[in-house]
Amino acid sequence: MNQAVSIESYKLSKRFGGFSALEDVSIKVRPGTVHALLGENGAGKSTFVKCLVGYYKSDGGAVLLDEREVKIDSPTDARSHGIGMVYQHFTVVPGMTVAENLLLSLGEIPNVIHWGKVRDKLSAFMNTAPFKLDLDATPLDLSAGEKQKLEILKQILLNPRLLILDEPTSVLTPDEADEVLFALRQRAHQQECSIIMITHKFREVMSYCDDVSVLRRGRLVISKAVASTNSDELASAMIGQTENQSVESHSTQKLKMTQTSHQALKVVNLTAFGDRGELALNDISFEVGKGEILGFAGVSGNGQKELLEALTGQRKILSGKVLVDEQAFHATRSQNQNLLVRGLPEEPLINACVRGMSVFENLALREFDENEFSQYGLINWTKLRKRAQNAITEYSIKTSGIESSIGDLSGGNVQRVVLAREFSKPANVLLVCNATFGLDFAATQEIRNRLITARNQGTAILLISEDLDEILELSDRIAVVSSGKIVYTVASNLANRKTLGSFMAGEREVMEAIN
């Protein structure tokens with residue numbers, strides 16, 4: 001069995017044209033430890049690990065394995081040195097079985113496969129693996145969490161001395177995340193491998209990692225033992241504050257407003273099909289009051305996407321009804337304007353913007369034909385441009401100008417454009433779906449704080465998120481959705497992470513027995 005390896009970067013640098021993605025980064029990962037890598041989007045995390053595995057060729061510096069310099073020019077070189085990487089996006093082949101995907105990961109496949117011997121070897125491997133999967137199942141049969149486990153098993157099968165993980169828990173339930181991270185940490189502490197884990201969740205760093213390094217703008221800011229730091233110090237390092245400055249402005253301010261009994265959004269017995277003709281929403285009902293955030297928790301693929309599309313008019317409703325301020329709501333443009341229904345969808349560049357238009361034009365989409373900006377069919381472009389410039393300043397949108405293409409902006413800045421547009425007037429109902437997914441720490445906290453501010457001003461907010469920490473942090477009530485049904489509802493101050501995770505995983509019978 002391979003022994004865990006130490007890996008060290010010495011003044012590692014990487015440039016893309018005139019942009020310095022990494023500058024003199026020196027990090028040492030001790031053998032048999034879990035080393036967390038933190039940083040905002042664009043901080044250099046992915047560039048750093050891609051240099052380690054040979055996906056990128058560094059422009060300066062060196063990589064040392066067990067204190068000896070090595071040259072890694074390709075992922076094949078990395079594999080020969082015992083370095084494996086689990087990427088953030090799935091690489092499994094959907095139509096192949098788990099056994100076939102595992103075999104494919106070995107790289108060299110003989111012309112004739114003796115499946116009896118192969119299955120015996122894979123069965124023996126699965127018996128010793130940290131988590132179990134059915135060898136005959138295909139990824140189409142697997143949940144998102146099981147697919148992520150398969151990605152990790154593909155690398156473990158290769159007996160890596162160093163395993164690099166990019167956001168390994170982003171699609172896992174809380175229980176699955178704890179199971180995976182506990183198993184991997186145990187594997188590292190048994191000296192079977194060393195681990196580098198890119199994550200944005202401080203809870204995972206503090207609970208499962210031995211050491212942590214923080215990158216900011218391509219430079220190393222902190223590298224130390226987890227036991228000698230805390231979440232506030234790490235957050236300050238990520239966003240560029242000194243130790244003497246407060247991170248209060250970047251922590252979510254959840255002042256509680258006195259709620260009214262008025263239900264701004266009411267969904268009654270809503271049913272809708274999914275993309276493959278399956279029943280994606282099954283007789284779902286809920287209400288959201290003014291000044292309330294209702295958080296929808298659930299593993300990806302349990303009806304959240306279809307729910308948002310049904311509410312925003314992008315998916316046909318088979319039966320049931322949607323009411324906004326007790327009026328039948330069909331998500332027409334005029335209703336959205338008159339009833340002040342706004343939205344922050346996931347993948348905003350695809351779902352909330354016109355890629356071929358400028359930042360200014362996308363900011364104007366909501367209001368260009370309203371009386372304030374249009375008279376007698378003539379649009380007041382000067383006034384709209386002034387509004388756009390003010391929005392860019394207020395929301396700190398980083399762009400070369402209002403005429404720049406929105407497709408040239410980073411994900412965080414695209415979301416800021418959508419945020420500025422949707423919050424141009426106080427919203428009555430706000431529909432939010434994974435609005436902070438993939439965003440850096442500062443952008444995430446800004447959006448969360450604006451949601452809390454809107455809630456405190458009386459907006460009814462439906463918050464759909466696959467990040468349970470976000471749901472717990474922001475919501476007044478939490479509803480768990482599984483297989484297109486609401487299976488559990490609880491006030492956030494009474495919520496238990498383990499209980500929520502059990503319902504998210506579909507363990508309804510167990511929880512009903514407990515209750």
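The analysis underlying the following values was restricted to heavy atoms, covering all of them including side chains, and did not include hydrogens, waters or symmetry mates.
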Should [X] and [Y] count as an ion pair when the cut-off is N to O under 4.0 Å?
X: Lys28; Y: Asp211; result: no
X: Arg477; Y: Glu292; result: yes
X: Glu233; Y: Lys224; result: yes
X: Lys149; Y: Glu146; result: no
X: Lys201; Y: Asp469; result: no
X: Glu446; Y: Arg450; result: yes
X: Asp178; Y: Arg185; result: no

Sidechain-backbone polar pair: [X] side chain, [Y] backbone, donor-acceptor under 3.5 Å:
X: Thr128; Y: Phe125; result: yes
X: Asp325; Y: Gln327; result: no
X: Arg342; Y: Ser424; result: no
X: Asp210; Y: Val34; result: yes
X: Glu306; Y: Leu281; result: no

Nearest heavy-atom neighbours spanning [X] and [Y]:
X: Thr271; Y: Asn282; result: OG1-C, 4.2 Å
X: Gln148; Y: Pro168; result: NE2-O, 2.9 Å
X: Ala225; Y: Ser228; result: O-OG, 2.8 Å
X: Ala99; Y: Leu122; result: O-CD1, 3.5 Å
X: Gly291; Y: Arg455; result: O-CD, 3.0 Å

message: For the aromatic rings, using the six-membered ring if either is Trp, is the centroid distance between Tyr395 and Phe423 under 6.0 Å?
response: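 No - the distance between ring centres of Tyr395 and Phe423 does not fall below the 6.0 Å cut-off.
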
message: Among Leu339, Val267, Leu265, which residue satisfies the side-chain contact (heavy atoms from CB on, under 4.5 Å) criterion with Phe329?
response: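 With Phe329 as partner, side-chain contact (heavy atoms from CB on, under 4.5 Å) holds for just one option, Leu339.
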
Ignoring hydrogens and geometry beyond distance, is a side-chain donor-acceptor pair present between [X] and [Y] at under 3.5 Å?
X: Ser213; Y: His35; value: yes
X: Ser105; Y: Gln155; value: no
X: Asn127; Y: Lys132; value: no

query: When rounded to the nearest 0.5 angstrom, what distance separates CG in Leu102 from CG in Leu158?
result: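 Reported value, rounded in 0.5 Å steps: 9.5 Å.
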
task: Please round to the nearest 0.5 Å and tell me the distance separating atom OG1 of Thr489 and atom CD1 of Ile478.
output: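 That separation rounds to 10.0 Å.
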
task: Take Val98 and Leu150 through the test side chain to side chain contact (heavy atoms under 4.5 Å, CB included) and record every step on the way to the result.
output: CA-CA 7 Å; Val98 168; Leu150 176 56; 3.8 Å; yes

Non-neighbouring partners of Tyr208 that pass ring-ring contact (aromatic ring centres under 6.0 Å, His included), sequence neighbours left out: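 Counting only residues at least two positions away or on another chain, Tyr208 forms no ring-ring contact (aromatic ring centres under 6.0 Å, His included).
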
- prompt: Is any side-chain heavy atom of Leu419 less than 4.5 Å from a side-chain heavy atom of Arg421?
  reply: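 The answer is no, as the side chains (C-beta and beyond) never meet within the 4.5 Å cut-off.
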
- request: Dump the intermediate steps for side chain to side chain contact (heavy atoms under 4.5 Å, CB included) on Leu462 and Ile293, then the final yes or no.
  value: CA-CA 6 Å; Leu462 174 64; Ile293 297 179; over 6 Å; no

